[in-house]
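Input: a single structure, listed below in structure tokens.
Lettering of chains follows the sequences in order, A, B, ..., and the numbering in each one begins at 1.
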There are 2 protein chains.
Amino acid sequence: MDIQLKRGLLDVCVLAAIKDEDSYGYKIIKDMKPYIQLSESTLYTILKRLETAAMLTVRTAEHGGRLRKYYRITPAGKRRIEEFKGEWQEMVSIYRFVTKEDTDE
Amino acid sequence: MDIQLKRGLLDVCVLAAIKDEDSYGYKIIKDMKPYIQLSESTLYTILKRLETAAMLTVRTAEHGGRLRKYYRITPAGKRRIEEFKGEWQEMVSIYRFVTKEDTDE
DNA sequence: TCGCATACTTCGTGTTACGATGTATTACGT
DNA sequence: ACGTAATACATCGTAACACGAAGTATGCGA
């Protein structure tokens, strides 16, 4: 999939990946993989950005003798997902503009 | 609309704006305005990029004593639009991932 | 013990959308 | 005649961003 097309989707996808239960980096990548692929460096950049924007909170916990960072969505993060639903409608209208046939043909 | 979300749409929108008949910068901006807004500097960057990618050709013509650059879509440009339709299906599946409700709620 | 999966981090780079600014001509109102 | 807006295209610098590459470290199975 085209990188540019992915850009607007990535942040909101990561939020969606943690919206039902807390998750951590590696798991987020695996959960998203069937829908959208991203590298580790990209994910951690996004997580940092979303944390700065207060759309998620981070908690470090031990798991199997190893440290994991668990991410939890905040109300602001959930609002972002709702906002995206509205933007999606705009996208749909753009899609129709792009694909609409000329009346002559 | 979120800038990131626009990114993947812009190129293909410009192609859509010229796909039925040749057009020029100012007109393209006005035609796209109801769906997606972009500045002149952005448009001319995109037009240059699409020309380099051989998705459109340019022709300079006089109009009302003033020079205008008319842009015409190429077969490669039309293929790009078709390709976008496929990518859109991926977008739809991502949208569903983002908005799907937890089965418990 | 060797390699693989897990898990997170940092750095440099190329693409890109945009605002600011500039140039020039036409059209229109007063 | 004169000023202002609209038309039309161009360039420059900047900041956001996704990514590959590389690094660090641990647990686990063959």
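Look at CG on Leu38(A): it is 15 Å from P on dC17(D), rounded to the nearest Å. Whole-Å rounding puts the Leu67(B) CG to dT25(C) P distance at 10 Å. Between the P atom of dC18(C) and the CG atom of Leu47(B) lies a distance of 14 Å, rounded to the nearest Å. Gln4(A) has its CD atom 6 Å from the C1' atom of dT16(C), to the nearest Å. When rounded to the nearest whole Å, the span between OH of Tyr24(B) and C1' of dT7(D) equals 8 Å. Rounded to an integer number of Å, the gap from NZ of Lys27(B) to C1' of dT7(D) is 14 Å. Note: OH (Tyr44(A)) to P (dT10(C)) measures 12 Å, nearest angstrom. Rounded to whole Å, atom C1' of dC17(D) lies 18 Å from atom CD of Glu40(A).
In this structure, Thr42(B) and Lys69(A) both approach DNA chain C, and ranking their closest nucleotides by distance from the 5' end singles out Lys69(A). Comparing Ser41(A) and Gly25(B) by the nucleotide of DNA chain D whose heavy atom lies nearest to each, the residue mapping closer to the 5' end is Gly25(B). The 5' end of DNA chain D is approached more closely, in terms of each residue's nearest nucleotide, by Lys6(A) than by the other of Arg66(A) and Lys6(A).
Side chain to side chain, Tyr70(B) and Arg72(B) fail the donor-acceptor criterion of an N or O pair below 3.5 Å.
With hydrophobic clusters built from ILVMFWY side chains whose heavy atoms lie under 4.5 angstrom apart, Ile46(B) does not share a cluster with Tyr26(B). Note: the hydrophobic cluster containing Val58(A) also contains Val14(A) (ILVMFWY, side chain heavy atoms under 4.5 Å, direct or indirect links).
Closest to the His63(A) side chain, of the nucleotides dA7(C), dG19(C), dC19(D), is dA7(C). Taking only side-chain atoms of Arg7(A), from C-beta outward, the nucleotide of dA18(D), dT11(D), dC9(D) with the closest atom is dA18(D).
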Exercise for the section: Could you give me the CA-CA distance, side-chain angles and deciding distance for Leu5(B) and Trp88(A), then say whether side-chain contact (heavy atoms from CB on, under 4.5 Å) is met? Expected result: CA-CA 9 Å; Leu5(B) 225 38; Trp88(A) 179 258; over 6 Å; no
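Note on Lys30(B): a side-chain N or O is less than 4.0 Å away from OP1 or OP2 of dT7(D).
Arg49(A) comes within contact range of the sugar-phosphate backbone alone, with a heavy-atom separation under 4.0 Å but no base atom that close.
The two residues Met1(A) and Glu87(B) make their nearest non-hydrogen contact at CE-O, 4.3 Å.
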